[in-house]
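Everything below concerns the one structure shown next.
Remember, it's 1-based here, ligands and their atoms both numbered in the order they're listed. From a predicted model like this one, the values you see are computed outputs, not experimental measurements. These numbers come from the heavy atoms of this one structure, side chains and all, not from hydrogens, waters or symmetry mates.
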Amino acid sequence: MSLTAPADRVKQLPPYLFAAIDTMKDEARARGEDLIDFGIGDPDRPTPDHIVHALRDAAGRPELHRYPAYAGSLACRQAAAAFYAARFGVELDPHGEILTLIGSKDGISHLPLAITNPGDLALVPDPAYPVYATTTRFVGGEVHTFGLLPDREFLPDLEQIPEAVARQAKMIYVNYPNNPTGGVARLEDLERILAFARRHDLLVISDLAYSEMYLDEQTPPPSFLQLEGARERCIEFYSLSKTYNMTGWRVGFAVGNAELVRALGKIKTNMDSGVFGVVQQAAIAALKGDQRCVAAMRAVYRERRDLLVQGLQQLGLQVRPQRATFYLFVRVPDGTSSMDYAGRLMRELGIVVTPGVGFGERGEGFVRFSLTVETARIAQAVERMKRLG
Ligand SMILES: *Cc1c(COP(=O)(O)O)cnc(C)c1O
């Protein structure tokens with residue numbers, strides 16, 4: 001074997017579909033095509049001004065230029081605690097139950113190093129954000145997937161998990177509001193998952209990246225930690241990325257069970273040096289500031305969703321308006337694969353969507369439209385799609 005060949009874990013990575021799509025996109029752009037890109041889960045609007053100003057002010061403070069505290073500044077953790085108290089009614093101890101992260105992906109991806117031994121089994125939704133399964137396998141953990149299916153509103157089909165598998169498993173990953181399906185869980189749905197976790201003695205890993213991106217809900221999506229007893233077994237990941245259009249800034253939190261939070265913190269202490277203090281000041285401004293900017297983004301996504309749903313339905317596609325997230329999970333016409341359909345949209349119409357199969361085999365039959373495109377472009381995309389027949 002060649003000296004420079006990558007480690008087995010690199011070779012075992014599934015082919016990254018998104019990279020193939022990026023190549024196709026680059027080629028189309030190089031040909032001068034006008035692409036309408038529904039492919040990326042990255043807010044198109046800028047970060048709100050008051051957050052940008054906080055960053056500018058903080059940038060001039062030399063004490064923030066040095067290595068930050070590993071867990072994040074106390075002020076930043078207190079801001080997260082205040083946010084959780086106000087938003088979810090959940091009281092968190094900033095001294096043990098909150099860890100600042102370099103974006104929630106930092107915490108999600110490093111968590112297996114902290115809690116997963118070789119051979120440990122994780123229950124992972126399918127379709128899902130690919131990081132849960134990939135990083136579990138990085139540390140020699142095993143993955144059993146359970147389906148999130150449209151006829152169950154993309155809630156976990158826990159009864160389908162064989163008893164012996166559930167008994168063997170150590171943890172379950174949960175992500176509501178859900179990427180890529182747009183599914184939402186009410187508190188009673190989370191209660192059912194917690195009861196399952198309790199019955200089988202599982203840790204619960206909750207990814208709450210989209211909690212504020214609810215579009216129709218009378219009651220905003222809950223945190224797992226609202227449930228009685230959740231703190232015994234749950235770690236939850238909160239992200240500022242989607243809520244405040246801050247994906248590039250890299251800041252989020254792990255909250256919940258103190259032992260889990262501490263273990264993750266220990267791993268990170270050995271791998272990175274925390275979130276830039278200036279960015280932490282911006283995060284404080286976001287969490288403590290006026291939340292009307294978030295409501296305004298919800299209104300933007302709602303308008304885009306309604307426009308796209310109406311357009312796609314008129315084209316005869318099967319789609320239901322999602323109640324949260326900025327993703328529309330759309331069934332592809334019968335007899336087409338999600339990859340073929342996405343390929344056709346790109347090649348023939350210059351429209352970029354993400355094939356559902358990129359999120360797992362049960363995502364086959366769907367493509368994901370990300371509503372991070374202005375309404376005029378959405379209307380244009382629908383016009384183009386009329387040509388597809
Ligand atoms: C965007 C996203 C994240 C990661 O967000 P960060 O920018 O790393 O905070 C985590 N989970 C899901 C499901 C996401 O879509």
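- Taking the charged nitrogens against the carboxylate oxygens, Asp216 and Arg305 do have a contact shorter than 4.0 Å, which makes a salt bridge.
- For atom 7 (O) of ligand 1, the closest non-hydrogen atom on the protein side is Ser241 OG, 2.6 Å.
- One finds the CG atom of Leu225 at 12.0 Å from the CD atom of Glu91 (value rounded to the nearest 0.5 Å).
- Of all the listed residues (Tyr210, Tyr132, Tyr129), Tyr129 holds the heavy atom that lies closest to atom 3 (C) of ligand 1.
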Pair Tyr129-Tyr173, ring pair (Phe, Tyr, Trp, His ring centres under 6.0 Å): steps then yes or no = CA-CA 10 Å; Tyr129 187 55; Tyr173 284 83; over 10 Å; no

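- Atoms of ligand 1 lying under 4.0 Å from any heavy atom of Arg250, numbered from 1 in the order shown and given with element: 6 (P), 7 (O), 8 (O).
- Near Lys105, meaning under 4.0 Å from one of its heavy atoms, ligand 1 places the atoms 6 (P), 8 (O).
- Taking the charged nitrogens against the carboxylate oxygens, Arg377 and Asp34 do have a contact shorter than 4.0 Å, which makes a salt bridge.
- Protein heavy atom in closest approach to atom 1 (C) of ligand 1: Lys242 NZ, 1.4 Å.
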List the atom pairs, donor and acceptor, that lie under 3.5 Å between side-chain atoms in residues 65-73 and the rest of the protein, sequence neighbours left out.
unit_1 : atom_1 : unit_2 : atom_2 : d
His65  : NE2    : Ala59  : O      : 2.7
Ser73  : OG     : Cys76  : N      : 3.0
Ser73  : OG     : Gln280 : OE1    : 3.3

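- The closest side-chain donor-acceptor pair between Ser206 and Glu236 falls under 3.5 angstrom.
- Listed by number with element, the atoms of ligand 1 under 4.0 angstrom from any heavy atom of Ser239 are 5 (O), 6 (P), 9 (O).
- Annotation: the span from Leu111 atom CG to Phe237 atom CZ amounts to 4.5 Å, rounded to 0.5 Å.
- The nearest protein atom to atom 12 (C) of ligand 1, hydrogens excluded, is given as Asp207 OD2, 3.3 Å; this is a heavy-atom distance.
- Atoms of ligand 1 lying under 4.0 Å from any heavy atom of Gly103, numbered from 1 in the order shown and given with element: 8 (O), 9 (O).
- Residue contacts with ligand 1 for Leu101 are absent, since no atom lies close enough (heavy atoms, distance under 4.0 Å).
- Of all protein heavy atoms, the one lying nearest to atom 5 (O) of ligand 1 is Ser104 OG, 3.4 Å.
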